[in-house]
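Below: one structure, written as structure tokens.
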2 protein chains.
Amino acid sequence: MLTKHFGEVCRDSARSRPVERVPDMRDDDPAAARERVIESMEQSAELYGLSRSAGRIYGVLYFAAEPLSIGDLVEETGYAKSTVSNVTRTLTRIGLIRRRSSSGGGRRVRFEPERELWYVVREVLRRDVARELQTTLRTVRQAERDLEAVDDETAARIRELRETHETLLDVVDLAADFSAAELREALEAYDR
Amino acid sequence: MLTKHFGEVCRDSARSRPVERVPDMRDDDPAAARERVIESMEQSAELYGLSRSAGRIYGVLYFAAEPLSIGDLVEETGYAKSTVSNVTRTLTRIGLIRRRSSSGGGRRVRFEPERELWYVVREVLRRDVARELQTTLRTVRQAERDLEAVDDETAARIRELRETHETLLDVVDLAADFSAAELREALEAYDR
DNA sequence: TCGTTCGTTCGGGATGAGCCGAACAACACG
DNA sequence: CGTGTTGTTCGGCTCATCCCGAACGAACGA
């Protein structure tokens, strides 16, 4: 997936949050603007199969002046400590945030966001998508080999499937080696 | 998302299926090979945030010689008619399968698969990802405008976020206009 | 050594997803 | 018009997910 639910993109987006945030502020208040952007991140998180809390935690870290600990995040987001602990683990695994352990003394863990989103996408492409394509490809190739002698519709379909996946894997592998700006340039430069 | 769960990619993949399939067959049996590929599709479906049944139904359609009706799919997959009805609706919305209604007479609906997977990805990029990026961008730009007078860390972060999203949206828009082969060629041709 | 401070893990409650069977609705054909 | 056939919708069941509070464990300082 890449998306959790391709449809019903907006479900109940008015889930009651545990703490109230930014009661009433003027429009040019940085805190209010920040809050609106973070809410947008919550929504995006849902589209990409993450929980709403993941979006908020990433958002808080995005705007933070310095890496935050779990305790800090609990205070900022109003989520329980266990929730923050689990969500940060998930976000770390994806690559959306990083643990900066042992900054100075103490076992206090601090998290900082990866702000270059394309890096995150790239890692997902490599770690998840490419790997999935490879696994499928292995299965398909094995099936193709098993049916070497056969020449029916099924064999033809399997060949087609292999070719499709080979192309997709090539594209993913290639794209994962580009930066976002390079990618844009490469696509703009290409003339058909 | 694009993926439902970026982690725990393999959960209990041995869920009991309602009907038994391909009891025991030789390795070069087309049906056995087909079955293994379809099982692989079930797994892929999960990664991309779809249900296992969606993967199987798509797989059955992929190998079908002709478009299948809901009744056919019930017979082929062993799922309940209601399940097949719901899943086909989802798959149609995504673009993985198409309804070929009114082929000849009758109100019998038939489904056929989109075998060019990149087309599907492209549609998802356009319909879901690009749209999401645009929505976020609108929010971020509004926030930036609200903070025109302000010049603090938050304002800087918002500017950075806008630039990131603008680049990503450009890339998505561009990529969605390419075929898979063109995309590969464009990336291969680009020399840094 | 003993609190203190942090983070993780465990069990539980609420919500939602996936699947089922059965009832319902639409349409073709006798 | 019935009547069978096909697809959709509805209520229910089960299981996973999300989030919580509380208990647990590991490190550090006094």
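This structure is a prediction, so every number in the text was calculated from the model and none was measured. To find a chain, count down the sequence lines: A is the first, B the second, and so on, and within it residues start at 1.
Listed in residue order, the members of residues 63-71 of chain A having a heavy atom less than 4.0 Å from DNA chain D come to none.
Atom CZ in A:R110 sits roughly 16 Å away from atom C1' in D:dA27 (whole-Å rounding). At whole-Å resolution of the value, CD in B:E75 and C1' in D:dT5 are 15 Å apart. Between A:L73 atom CG and C:dT8 atom C1' there is a gap of 15 Å when expressed in whole angstrom units. In this structure, the CZ atom of B:R56 is 17 Å from the P atom of C:dG18, given to the nearest Å. One can place CG of A:N86 at 8 Å from P of C:dT9, the figure rounded to the nearest angstrom. Spacing between atom OH of B:Y79 and atom P of C:dC20 amounts to 7 Å, rounded to whole angstrom units. The distance between atom CD1 of B:I57 and atom C1' of C:dC19, rounded to the nearest whole Å, is 11 Å.
Nucleic acid contact class of A:T83 (heavy atoms, under 4.0 Å, all strands): base.
Across all strands shown, D:dC20 forms a Watson-Crick or G-U wobble pair with C:dG11, both key distances being under 3.5 Å.
Checking the phosphate oxygens (OP1, OP2) of D:dT8, a side-chain nitrogen or oxygen of B:S85 falls inside 4.0 Å. Residue A:R99 places at least one side-chain N or O under 4.0 Å from the OP1 or OP2 atom of C:dT8. Taking side-chain N and O atoms only, B:R89 has a distance below 4.0 Å to OP1 or OP2 of D:dT9.
With B:L50 as the partner, the side chain to side chain contact (heavy atoms under 4.5 Å, CB included) test is satisfied by one option alone out of B:I57, B:L96, B:V87: B:L96.
A:D177 places none of its side-chain heavy atoms less than 4.5 Å from the side chain of A:E182. Within the 4.5 Å cutoff, the side chain of A:Y190 has no heavy atoms near those of the B:L187 side chain.
Between the side chain of B:K81 and the base of C:dG21, no donor-acceptor pair under 3.5 Å is found. Side-chain to base pairing of A:S82 with C:dG7: no donor and acceptor N or O lie closer than 3.5 Å to each other.
Remark: B:R99 does not engage B:E114 in a salt bridge, criterion side-chain N to carboxylate O under 4.0 Å. In this structure, B:E35 pairs ionically with B:R56, as a charged nitrogen and a carboxylate oxygen lie closer than 4.0 Å.
When only modelled atom types and interatomic distance are considered, B:E132 and B:T136 share a side-chain donor-acceptor pair under 3.5 Å.
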Verdict with reasoning, B:R145 to B:Q142, per side chain to side chain donor-acceptor pair (under 3.5 Å): CA-CA 5 Å; B:R145 232 170 296 128; B:Q142 180 62 47; 2.9 Å; yes

